[in-house]
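Just so you know, ligand 1 is whichever comes first in the structure, and atom 1 is the first atom listed for that ligand. Below, all heavy atoms of this structure are taken into account, side chains as well, without hydrogens, waters or symmetry copies. If you read the sequence from its start, that first residue is 1, and numbering goes on from there.
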Amino acid sequence: MASTILVSLISIVLFCITVAQGRKTLHTTNEISASSLVTDDDICKSMVETQGYTCEEHKVTTEDGYILSLLRLSAGRSSEKANKPPVLIQHGLFCDAIIWLFNTPEESLGFILADSGFDVWLVNGRGTKYSTTHTSLSPTDTAYWNWSWDELANYDLPASVQYVYNHTGQKMHYVGHSQGTLMAFAALSQGNLVNMLRSTALLSPIAHMNLIPSKFTKLAADLFLADDAYWLGLREFLPNVDVGSKFLDGICKTLNLNCANLMSFFTGPNCCINASRIDIYLDHEPQPTSTKNLIHFSQMIRTGKIAKYDYVDQAQNVQHYGQRVPPTYDLTKIPNDFPLFLGYGGQDMLSDVQDVKVLLNDLQDHDANKLVAAFNQDYAHADFVMAVSAKQVVYDPMIAFFNAH
Ligand SMILES: *[C@@H]1O[C@H](CO)[C@@H](O)[C@H](O)[C@H]1NC(C)=O
Ligand SMILES: *[C@@H]1O[C@H](CO)[C@@H](O)[C@H](O)[C@H]1NC(C)=O
Ligand SMILES: *[C@@H]1O[C@H](CO)[C@@H](O)[C@H](O)[C@H]1NC(C)=O
């Protein structure tokens with residue numbers, strides 16, 4: 001029991017949130033189980049309208065058949081309709097749209113943008129609680145989980161952007177956290193979406209990953225790659241139950257780490273998360289992802305490359321890509337005049353400062369007045385989404401950037 005709870009905690013931190021300060025309180029919370037992820041509550045009713053905001057749910061079908069739920073906050077608490085452009089917000093791994101609404105309206109990005117006059121759209125990624133339907137498949141089918149972030153970048157993101165563009169008739173700003181930044185990098189490097197976006201904000205950018213300092217994360221990646229056939233067979237990964245929980249617990253023991261501090265081994269020590277809200281976070285997260293996606297991330301951690309999923313078997317790569325090694329996403333191809341805002345932190349162990357330097361090197365020819373790199377020494381991975389100070393530290397400068405573009 002204790003270990004399951006521990007692991008449910010570990011899971012939410014991978015690319016999403018961390019709760020290092022409040023772990024002790026978890027021993028009093030209920031175990032998170034898969035069944036708690038399939039209740040039928042409604043984010044609009046339970047988390048948005050109760051705070052005085054207008055909320056709509058929209059359904060978007062991707063080219064490969066996944067039906068995504070998008071939430072729209074088209075007015076702030078003053079009830080005045082948005083008078084600024086749409087902003088599309090994309091969460092990271094093991095999260096969903098709720099992550100942008102967890103804190104108070106003064107602290108949560110979804111509410112802050114609505115109160116600032118923007119037309120806010122929050123995506124729930126494929127496979128997460130509110131986006132489990134598909135035109136022909138069910139999550140119990142093997143094929144439903146046959147995707148990695150390649151598909152998130154090449155199907156989910158274009159479908160969401162195109163939908164908002166069609167629906168509002170306006171170009172939008174984009175905000176991604178963690179995996180949500182990788183999706184944007186991949187799309188923009190292929191010249192996609194540029195015509196529908198005004199600018200992009202990338203919080204805890206994930207691009208090159210091989211300088212990650214965490215032994216824990218590196219061992220997890222090695223184990224995923226060593227046993228890829230086994231992991232692929234499992235299809236769906238939920239870190240807080242069964243195999244996922246044993247796996248993470250085992251790494252902790254192998255490295256002889258003090259599991260009480262496990263969260264900070266992954267994300268770095270988040271400075272500014274409100275520990276008394278952890279129980280609420282655990283009611284909603286973590287959300288599942290595919291094992292193929294985790295193998296794809298593990299490949300990035302090993303190689304430092306931003307490339308399509310490697311089937312390892314050369315014949316399979318040829319079959320999928322027409323070449324023996326997977327094609328890379330070349331970030332130097334992102335149009336130099338496309339406005340980019342990067343937020344990164346000195347304590348972040350997933351979006352490590354050394355890896356961000358390599359990313360900034362890729363962007364060295366970017367127009368200087370179209371690239372803002374906002375660094376905060378104290379912030380770790382989850383602070384960008386969850387910190388009580390994020391408005392002052394990250395969101396206000398980001399909104400100023402949006403207003404200028
Ligand atoms: C997974 O999808 C790829 C195409 O992306 C396809 O070639 C492969 O056969 C699929 N595998 C399964 C098990 O559905
Ligand atoms: C957007 O509009 C175009 C043109 O009407 C249509 O072909 C496309 O399917 C629409 N896409 C979405 C995601 O709404
Ligand atoms: C932290 O959360 C608790 C419980 O929701 C709340 O009472 C408190 O005001 C919060 N503190 C800050 C700094 O947001």
Can you tell me the protein heavy atom closest to [atom] and the distance?
atom: atom 11 (N) of ligand 3; answer: Asn274 ND2, 2.9 Å
atom: atom 14 (O) of ligand 3; answer: Glu107 OE2, 2.8 Å
atom: atom 13 (C) of ligand 3; answer: Val388 CG1, 4.2 Å
atom: atom 5 (O) of ligand 3; answer: Arg277 NE, 3.1 Å

Answer yes or no: is there a donor N or O on one side and an acceptor on the other, between the side chain of [X] and the main chain of [Y], under 3.5 Å?
X: His405; Y: Lys370; answer: no
X: Thr181; Y: Ser178; answer: yes
X: Asp367; Y: Asn369; answer: no
X: Glu151; Y: Ser148; answer: yes

>> Given Leu232, Asn146, Asp64, Asp150, identify the one with the heavy atom nearest to atom 10 (C) of ligand 1.
In response: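 Shortest heavy-atom distance from atom 10 (C) of ligand 1: Asn146.
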> Any idea which of Asn166, Val164, Val60 brings a heavy atom closest to atom 3 (C) of ligand 2?
Replying inline: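 Considering heavy atoms of Asn166, Val164, Val60, the nearest to atom 3 (C) of ligand 2 sits in Asn166.
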> Would you say Lys292 and ligand 1 have an N/O pair spaced under 3.5 Å apart?
Replying inline: no
> Is the closest protein non-hydrogen atom to atom 7 (O) of ligand 3 under 4.0 Å?
Replying inline: no
>> Do Val175 and Leu203 make a side-chain contact, defined as non-hydrogen atoms from C-beta onward lying under 4.5 Å apart?
In response: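 Val175 vs Leu203: side chains touch.
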> Quick one: are Ile206 and Phe185 in side-chain contact, heavy atoms under 4.5 Å?
Replying inline: no
> So, is the end of the Lys292 side chain (NZ or CZ) under 6.0 Å from the ring centre of Tyr309 and within 45° of the ring's axis?
Replying inline: yes
>> Could you tell me, atom by atom, which parts of ligand 1 come under 4.0 Å of a heavy atom of His320?
In response: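 Counting atoms of ligand 1 from 1, those under 4.0 Å from His320 are 3 (C), 4 (C), 6 (C), 7 (O).
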